[in-house]
Amino acid sequence: MSADAIEIDGREGAFEAHVQSEQKVEPKDWMPEAYRRTLVRQISQHAHSEIIGMQPEGNWITRAPSLRRKMILIAKVQDEAGHGLYLYSAAETLGVSRDQTEADLRAGKAKYSSIFNYPTPTWADIGIIGWLVDSAAIINQVPLARCSYGPYARAMVRICKEESFHQRQGFELSMALARGTPEQQAMVQESVNRWWWPVLMMFGPNDDASPHSAQSMAWRIKRHSNDDLRQKFVDQTIPQMEFLGLTVPDPDLKWNEARGHYDFGEIDWAEFKRVIGGQGPCNRQRMDNYRKAHDDGAWVREAALAFAEKNRKSDSRAAA
Ligand code: FAQ
């Protein structure tokens with residue numbers, strides 16, 4: 001074995017021991033290239049989800065039914081933009097620029113969460129996104145605050161605090177509709193019927209079909225498997241549904257006393273594959289809007305660069 005190989009093996013071993021002893025990996029630490037690539041993939045995908053995830057709710061800002069609801073919705077959508085920016089910054093600490101990750105999304109090379117490819121035709125969808133989509137996001141992301149990579153873990157602490165406010169406003173909105181007129185009750189039930197299965201898909205493929213889970217868990221990036229988190233979401237959400245007098249569109253759902261969990265039906269994985277493959281109900285529209293916003297913002301980027309250049313020149317004149 002060459003001296004270099006022994007050195008690399010030594011570093012691998014030290015890295016593994018560091019991670020197994022629950023210490024954080026920081027940007028300047030040595031890390032295996034595959035660990036770095038896994039984080040770049042997950043963090044940038046997560047960032048893109050937050051940015052594309054502004055669209056389904058942004059659709060309702062001009063039509064929110066009261067000033068209070070409009071203020072809440074604007075604040076929520078702004079928070080999502082902020083989450084995207086923290087996450088692009090976390091990815092930059094791994095050596096990929098935000099320009100590059102955004103270019104990959106525009107080029108269709110990068111994924112974002114399947115859930116944001118579904119439409120929001122009714123006001124109830126805004127309550128359901130806050131309640132169900134943010135609940136699922138929180139269940140997935142709270143363990144990521146203990147992820148082995150320091151910048152991602154720290155970003156997650158703040159993001160989860162904001163997501164928990166989002167979840168509460170969604171539950172409160174859904175509760176107002178569930179306790180409202182028969183038309184409002186029917187609207188919120190219809191929305192649950194459309195969102196239930198797509199929300200369960202947010203957790204990713206079943207464990208035996210998830211190519212990345214085992215290694216990501218060994219590296220302590222992911223702390224729980226996709227199926228364990230999905231089960232936690234179902235167990236937590238069904239009593240909330242019952243409290244609101246709502247039902248989920250799953251004839252196989254039932255409490256399993258022996259397991260201490262709800263049993264639930266099989267997800268339509270063909271639909272999941274279609275949606276992450278670009279053929280969901282709104283994939284095209286989401287990407288067209290994203291590319292258009294980028295093109296429309298060209299003048300802002302040019303003006304900011306010209307301003308920075310002007311400041312740089314005047315700073316260097318002052319220093320001379
Ligand atoms: N959609 O082996 P695994 C939010 C892909 S943020 C699309 O299980 P992994 C806040 C996966 O990337 C929501 N693709 O992969 C909000 C991989 O593809 P690749 C986003 C999916 O990474 C609320 C392949 O399938 N949250 O909601 C999906 O170990 C309201 C194989 O899968 C995060 O990103 C999916 N649902 O586990 C914003 C959290 N599932 O890369 C606005 C961080 C799987 O090989 C409004 N991410 N894939 O081409 C994670 O925890 C993980 O990346 C998982 C997937 C659990 C999503």
Side-chain angles (χ1 to χ4, degrees), residues 39-62 72-94 96-120 125-126 129-130 132-138 140-141 144 147 149 151-152 154-167 169-170 195 198-199 201-204 275-278 280-301 304:
L39 282 165
V40 168
R41 180 183 64 76
Q42 178 166 327
I43 299 172
S44 58
Q45 209 164 279
H46 192 168
H48 299 328
S49 303
E50 298 280 358
I51 298 299
I52 298 287
M54 295 162 75
Q55 292 188 36
E57 291 166 289
N59 174 34
W60 276 92
I61 289 175
T62 55
I72 294 171
L73 189 55
I74 290 174
K76 180 179 191 302
V77 173
Q78 279 180 340
D79 284 351
E80 283 148 12
H83 298 172
L85 299 188
Y86 309 147
L87 290 163
Y88 286 126
S89 298
E92 285 195 318
T93 66
L94 292 156
V96 285
S97 70
R98 181 172 151 200
D99 281 351
Q100 185 54 53
T101 34
E102 289 180 341
D104 287 347
L105 179 58
R106 285 196 304 283
K109 288 192 226 155
K111 288 196 173 75
Y112 57 87
S113 179
S114 51
I115 194 70
F116 302 117
N117 291 307
Y118 290 85
T120 45
D125 294 335
I126 301 307
I129 289 181
L132 300 186
V133 174
D134 279 282
S135 284
I138 292 167
N140 172 262
Q141 287 165 210
L144 292 174
C147 153
Y149 188 58
Y152 190 30
R154 291 188 286 273
M156 223 34 71
V157 172
R158 178 159 177 186
I159 290 177
C160 287
K161 286 196 174 136
E162 292 176 351
E163 304 282 31
S164 111
F165 159 77
H166 296 172
Q167 193 273 345
Q169 69 80 37
W195 288 91
V199 169
M201 293 175 198
M202 285 177 71
F203 296 95
V275 175
I276 67 172
C282 298
N283 296 58
R284 177 98 192 250
Q285 179 188 330
R286 301 290 184 241
M287 287 310 300
D288 286 351
N289 286 342
Y290 180 71
R291 292 190 187 103
K292 182 172 182 310
H294 179 79
D295 294 345
D296 290 350
W299 71 271
V300 179
R301 291 190 296 279

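No hydrogens, no waters, no symmetry mates; every other heavy atom, side chains included, goes into these values. Sequential numbering from 1 along the given sequence is applied to the chain's residues.
- When all heavy atoms are compared, the tightest approach of E50 to G84 is CB-N, 3.8 Å.
- Under the side chain to side chain contact (heavy atoms under 4.5 Å, CB included) criterion, A298 pairs with R301, E302, not counting sequence neighbours.
- Scanning for side chain to side chain donor-acceptor pair (under 3.5 Å) contacts around D99 gives an empty result, with sequence neighbours left out.
- A distance of 7.0 Å separates OH of Y290 from CD1 of I51, quoted to the nearest 0.5 Å.
- With sequence neighbours excluded, the residues that form a side chain to side chain contact (heavy atoms under 4.5 Å, CB included) with A136 are V199, M202, F203, F233.
- Taking both residues in full, the closest heavy atoms of N283 and G278 are given as ND2-CA, 3.2 Å, listed atom of the first, atom of the second, then distance.
- Of all heavy-atom pairs spanning A91 and V96, the tightest one is O-CG2, 3.3 Å.
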Does the pair L105 and M287 meet the rule for a side chain to side chain contact (heavy atoms under 4.5 Å, CB included), with working shown?
CA-CA 9 Å; L105 179 58; M287 287 310 300; 4.2 Å; yes
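- Between D134 and G130, the closest heavy-atom pair is CB-O, 3.0 Å.
- Residues meeting the ring pair (Phe, Tyr, Trp, His ring centres under 6.0 Å) test with W60, sequence neighbours left out: W123.
- The NE2 atom of H46 sits 4.5 Å away from the CE atom of M156 when rounded to the nearest 0.5 Å.
- Separating the OG1 atom in T62 from the CG atom in L73 is a distance of 9.5 Å, to the nearest 0.5 Å.
- Nearest heavy atom pair, residue L87 against residue A47, reads CB-CB, 3.6 Å.
- Considering only residues two or more places apart in sequence or on other chains, E57 meets the salt bridge (Lys or Arg N to Asp or Glu O under 4.0 Å) condition with K76.
- To the nearest 0.5 Å, atoms CD1 (I74) and CD1 (I61) are separated by 5.5 Å.
- R106 pairs by the side chain to side chain donor-acceptor pair (under 3.5 Å) definition with H294, not counting sequence neighbours.
- Applying the side chain to side chain contact (heavy atoms under 4.5 Å, CB included) test to S49 and every residue at least two apart in sequence or in another chain returns Y112, S113, F116.
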Tell me, with the steps shown, if Y118 and D125 meet side chain to side chain contact (heavy atoms under 4.5 Å, CB included).
CA-CA 10 Å; Y118 290 85; D125 294 335; over 6 Å; no
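- Salt-bridge check for D296 with K292: passed, with a basic side-chain N closer than 4.0 Å to an acidic carboxylate O.
- Taking the side chain to side chain contact (heavy atoms under 4.5 Å, CB included) definition, one finds that K109 meets it with D104, A107, sequence neighbours left out.
- Checked by atom type and distance alone, the side chain of D79 never pairs as donor or acceptor with a backbone atom of E163 at under 3.5 Å.
- Residues passing the side chain to side chain donor-acceptor pair (under 3.5 Å) test with R154, sequence neighbours excluded: E26.
- Using a distance-only test at 3.5 Å, with no hydrogens or angles considered, a donor-acceptor pair links the side chain of Q169 to the main chain of H166.
- Between Y88 and H48, the ring planes lie tilted relative to each other; the angle falls in the 30° to 60° range.
- The structure places OG1 of T93 at 6.5 Å from CD1 of I43, a figure rounded to the nearest 0.5 Å.
- A distance-only check finds a donor-acceptor pair linking the side chain of N59 to the backbone of T120 [under 3.5 Å].
- The two residues I129 and P56 come nearest to each other via the heavy atoms CD1-CB, 4.0 Å.
- Within the structure, the salt bridge (Lys or Arg N to Asp or Glu O under 4.0 Å) test picks out no pair touching residues 39-48 (sequence neighbours left out).
- Evaluation of the ring pair (Phe, Tyr, Trp, His ring centres under 6.0 Å) rule for Y149 yields no partner, not counting sequence neighbours.
- Taking CD1 from I138 and CD1 from I159, the interatomic distance works out to 12.0 Å, rounded to the nearest 0.5 Å.
- For the side chain to side chain donor-acceptor pair (under 3.5 Å) test, residues two or more places apart in sequence or in another chain that qualify with Q55 are N289.
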